[in-house]
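Worksheet: the structure to be examined is printed underneath.
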Amino acid sequence: MFVVGKVLKPQGINGSVKVEIITSFPEHFMDLKKVYVQKENKKQAYSIEQVRLSNRFVFIKFAEVNSIEEAETLRNQYLYITGDELMPLGEDEYYIHDLLGLKVFDEAGTYLGVIKDVLTYTANDVYVLHTEDGREVLLPAIKSVVKKVDVQAGVMTIHLMEGLFDL
C-alpha cells in the first residue's frame, strides 16, 4: 500500500476531513472510490463520497464518517491506496519506492552502492547513495548524471561527474 495523504483535522460538522496531499498527482483524489486507513494494526477501507481540491489540501467526505467526533478519530492518520491504483508514469519517471534499494554502478560497471532515500526539491530530486564503506553521496537526479534506470533489474547506471565523490 502507498501513502497519498494525511488527515490533518475534521472539517465542518458533517464528518469531512482536511487532508494534506502526499502525492505528485493531487487530481487522482477525484477518481478514487476508496482509501485505506491503518486502524488497530490493520488497514480499514473508507468509501469516498465527496472530494474538493484546494491548493495543497483535499477535503474528503467518507461514507463511514458522519460527525465531527467520528472525523476526529482520523486525525493524523495516513491515507493509503493499493498498487493497482497508482497513476501510470511517463517515460523516465519512477515512483520513489521503485528507486529505493537500486544498486548503483558507474558507466564502467564499477559498483558504487545502493539508493537509500530520495530527497524531493523543486529543481530536481536528489538520490541518497550509501556506499559500501558507509559514506553517503548525494546524486542529482538529472540526465547528465543518471544514465539508465532499470527497475526490473534493480540497477541504476550513473556518469561520475568530476567532484561528485572520490573513489
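All residue numbers refer to positions in the sequence shown, counting from 1. Note that these values count all heavy atoms, side chains included, but never hydrogens, waters or copies made by symmetry.
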Within 6.0 Å of [atom1] in [X], more than 12 heavy atoms from elsewhere:
X    : atom1 : value
D84  : CG    : yes
K148 : NZ    : no
K116 : NZ    : no
N76  : CG    : yes
M1   : CE    : yes

Rounded distance (nearest 0.5 Å) linking atom [atom1] of [X] with atom [atom2] of [Y]:
X    : Y    : atom1 : atom2 : value
M156 : L139 : CE    : CG    : 7.5 Å
K103 : D150 : NZ    : CG    : 12.5 Å
L8   : L74  : CG    : CG    : 12.0 Å
L129 : L138 : CG    : CG    : 9.0 Å
D117 : L100 : CG    : CG    : 6.5 Å
L32  : E27  : CG    : CD    : 10.5 Å

Requested in this report: Could you walk me through whether L160 and E107 pass side-chain contact (heavy atoms from CB on, under 4.5 Å), step by step?
Outcome: CA-CA 8 Å; L160 284 178; E107 292 169 301; over 6 Å; no

Tell me whether [Y] is reachable from [X] by hopping between hydrophobic residues (I, L, V, M, F, W, Y) whose side-chain heavy atoms are closer than 4.5 Å.
X    : Y    : answer
L86  : V3   : no
I48  : F59  : no
F57  : Y78  : no
V104 : Y127 : yes
L53  : I22  : no

Contact summary for [X] and [Y], nearest pair of heavy atoms:
X    : Y    : result
V4   : F29  : O-CZ, 3.3 Å
A45  : K34  : CB-CD, 4.4 Å
A71  : P10  : CB-CB, 3.8 Å
P140 : V146 : O-CG2, 4.0 Å
L102 : V155 : CD2-N, 3.6 Å
G5   : V19  : CA-CG1, 3.9 Å

Query raised in the report: What residues form a ring-ring contact (aromatic ring centres under 6.0 Å, His included) with Y111, not counting sequence neighbours?
Result: F105

Query raised in the report: Does the side-chain contact (heavy atoms from CB on, under 4.5 Å) test come out yes or no for V35 and F62, once each step is laid out?
Result: CA-CA 9 Å; V35 293; F62 296 114; 3.5 Å; yes

Query raised in the report: Would you say the side chain of T131 lies within less than 4.5 Å of the side chain of L112, judging by non-hydrogen atoms?
Result: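 A side-chain contact under 4.5 Å is absent here.
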
Query raised in the report: Just wondering, do V37 and L79 contact through their side chains at under 4.5 Å, heavy atoms?
Result: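 Heavy-atom side-chain distance check passes, below 4.5 Å.
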
Report task. Give a yes or no answer on whether the side chain of S67 reaches the backbone of E70 with a donor-acceptor pair at less than 3.5 Å. Result ->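 Checking the backbone N and O of E70 against the side chain of S67, a donor-acceptor pair under 3.5 Å is found.
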
Report task. Sequence neighbours left out, what pairs pass salt bridge (Lys or Arg N to Asp or Glu O under 4.0 Å) with at least one residue falling in residues 51-67? Result ->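 Found E49-K61.
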
